[in-house]
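Reckoned from all heavy atoms, side chains included, excluding hydrogens, waters and symmetry mates. Protein chains get the first letters and strands the later ones, always in sequence-line order, with residue 1 at the start of each.
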Protein chains: 2
Amino acid sequence: MKSTSINPRKSPKQARARVTFDAILEAATRILQDDGLRKFNTNRVAEVAGVSVGTLYQYFPTKEAILTEIIRQKRKLMLDALKEATQDMARERFEETLDKLLRAAVAHQLRWPKLARTLEYAEAFLPLEHETDALKVAIVETAAAFLAHHQHDTPVQTARDLVGALRGLIESAGLSGETDPAAMLIRARKLSLGYLR
Amino acid sequence: MKSTSINPRKSPKQARARVTFDAILEAATRILQDDGLRKFNTNRVAEVAGVSVGTLYQYFPTKEAILTEIIRQKRKLMLDALKEATQDMARERFEETLDKLLRAAVAHQLRWPKLARTLEYAEAFLPLEHETDALKVAIVETAAAFLAHHQHDTPVQTARDLVGALRGLIESAGLSGETDPAAMLIRARKLSLGYLR
DNA sequence: CAGATATCTAAGTAATTGCTCACATTCCTC
DNA sequence: GAGGAATGTGAGCAATTACTTAGATATCTG
């Protein structure tokens with residue numbers, strides 16, 4: 001941890017500013033979850049956030065910057081959760097750590113499936129910053145490191161396969177109305193163990 | 001088969017018209033594969049197709065109609081392939097039919113991964129027609145019927161899970177540059193058999 | 001060829017959208 | 001309270017976009 005200030009882009013350091021910054025991100029997130037990219041425009045984000053367009057542009061240089069910031073935050077949350085899940089892997093049985101990993105993945109994807117899908121689509125056609133791209137790599141590498149620690153032969157490819165397959169599984173369940181993480185976890189475990197056998 | 005005429009929306013029956021219709025769809029498909037929804041606008045579709053905007057609107061009532069028609073066609077291709085794959089399932093071993101199904105799924109998704117992702121995203125925020133929606137259900141039902149035929153306990157949920165997981169697996173491999181269907185088939189088989197065990 | 005029908009053109013319109021800027025308000029320090 | 005810095009406003013501009021329409025061109029039928 002470097003400091004206590006959160007330090008949005010190039011912007012304010014004070015309490016009011018911080019509140020506004022969060023309000024904008026929250027409004028944008030809600031719009032993306034409800035209506036996808038179609039109604040995601042600066043006027044509407046500003047309106048939902050309860051600020052003016054001018055204010056919005058004091059915090060984010062472009063509309064895309066709002067999107068990438070949301071993606072960056074979500075990715076960071078995911079990466080941190082995976083790292084925490086694997087931190088004791090040296091002392092744990094394989095299945096134990098795997099369960100922690102799956103729990104994190106399920107929690108991350110099942111809650112806002114429409115938002116998750118929108119962000120994943122947006123990524124594919126957005127020029128992402130280095131940091132955001134690095135986070136994606138780090139996520140797969142964290143999973144790969146876990147597999148490698150347990151003597152898996154092709155950890156990187158297998159990790160990418162599993163990350164993709166699990167995302168597809170959880171996403172399709174989430175979009176068709178499932179909300180129970182426990183039920184999801186059982187099937188995620190089955191899928192993973194089956195593929196790794 | 002009802003007739004030899006393809007019969008776009010409400011439109012022409014003659015050879016010239018048929019060519020134009022296909023040109024528009026092909027142009028739209030190429031744009032979606034290359035740039036996603038961002039550059040998918042009627043002026044550009046018309047330009048790439050080599051016709052005027054007016055002509056485009058003689059074949060499709062709205063921009064969204066072009067999108068839904070592409071989705072409908074792709075879904076129909078997929079469903080037909082799956083039906084063909086399962087038509088002899090009564091006389092075949094489980095693994096034999098499964099392989100045919102997986103081959104169809106891999107072929108369908110690995111060739112144009114960016115297009116596939118774009119269409120899947122578009123679906124989530126598009127009011128689809130009855131026929132298109134029915135196709136989606138039919139795809140899962142075809143897979144479920146195969147599982148049920150082999151005495152699977154929860155064929156519908158398992159089919160949906162597998163369709164989702166396989167899509168995620170193939171999509172993530174495709175987007176990270178893989179193009180070999182044979183290599184993909186092996187891992188798809190591993191994933192499916194592992195989950196079904 | 002004449003007339004009817006089918007197909008196509010592209011300039012134009014109204015609406016939307018990303019973003020700016022000249023100015024207003026609030027906050028901090030003395 | 002004065003003055004300056006930080007933060008906020010929202011009308012409005014330029015660009016884009018979905019779609020229309022009045023008319024041109026091609027094709028068919030006799």
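Defined by atom type and a distance below 3.5 Å, a donor-acceptor pair is missing between the side-chain atoms of Gln87(A) and Glu92(A).
Put simply, the side chain of Leu162(A) reaches to within 4.5 Å of the side chain of Tyr195(A), judged on heavy atoms. Side-chain atoms of Asp180(A) and Leu110(A), non-hydrogen and from C-beta on, never get closer than 4.5 Å to each other.
Per the geometry, CZ belonging to Arg38(A) stands 19 Å off C1' belonging to dG18(C), to the nearest Å. Between the CD atom of Gln58(A) and the C1' atom of dA5(D) there is a distance of 12 Å, given to the nearest Å. Put simply, OH on Tyr57(A) is 17 Å from P on dA11(D), counting in whole angstrom units. We find that CD1 of Ile31(A) is positioned 11 Å from P of dT17(C), with the value rounded to whole Å. We find that CZ of Phe60(A) is positioned 13 Å from P of dC19(C), with the value rounded to whole Å. Between the CD atom of Glu47(A) and the C1' atom of dA11(D) there is a distance of 16 Å, given to the nearest Å. Counting to the nearest Å, the P atom of dT7(C) and the CD1 atom of Ile24(B) are 12 Å from each other. Here dT7(C) presents its C1' atom at 14 Å from CG of Leu56(B), a figure rounded to the nearest Å.
Residue Thr55(A) places at least one side-chain N or O under 4.0 Å from the OP1 or OP2 atom of dT9(D). A close approach under 4.0 Å does not occur between any side-chain nitrogen or oxygen of Ser52(A) and OP1 or OP2 of dG8(D). Taking only side-chain nitrogens and oxygens, Thr20(B) comes nearer than 4.0 Å to OP1 or OP2 of dC8(C). Remark: Thr42(B) is not in phosphate contact with dT17(D), judged by side-chain N or O atoms under 4.0 Å from OP1 or OP2.
Among dC19(C), dC8(C), dC19(D), the nucleotide with an atom closest to any side-chain atom of Tyr59(B) is dC8(C). Here the nucleotide nearest the side chain of Lys63(A), chosen from dG18(C), dA18(D), dT9(D), is dG18(C). Relative to the side chain of Asn43(A), the nucleotides dC19(C), dA18(D), dA11(C) differ in distance, and dC19(C) lies closest.
Backbone-only contact: Val51(A) has heavy atoms under 4.0 Å from sugar-phosphate atoms and none from a base.
For Asn41(A) and Gly54(B), each mapped to the nucleotide of DNA chain C holding its nearest heavy atom, the one lying further toward the 5' end belongs to Gly54(B).
For Ala188(A) against Ser192(A), the heavy-atom pair with the smallest separation is O-OG, 2.7 Å.
Relative orientation of the Phe21(B) and Phe60(B) rings is parallel, given thresholds of 30° and 60° on the angle between their planes.
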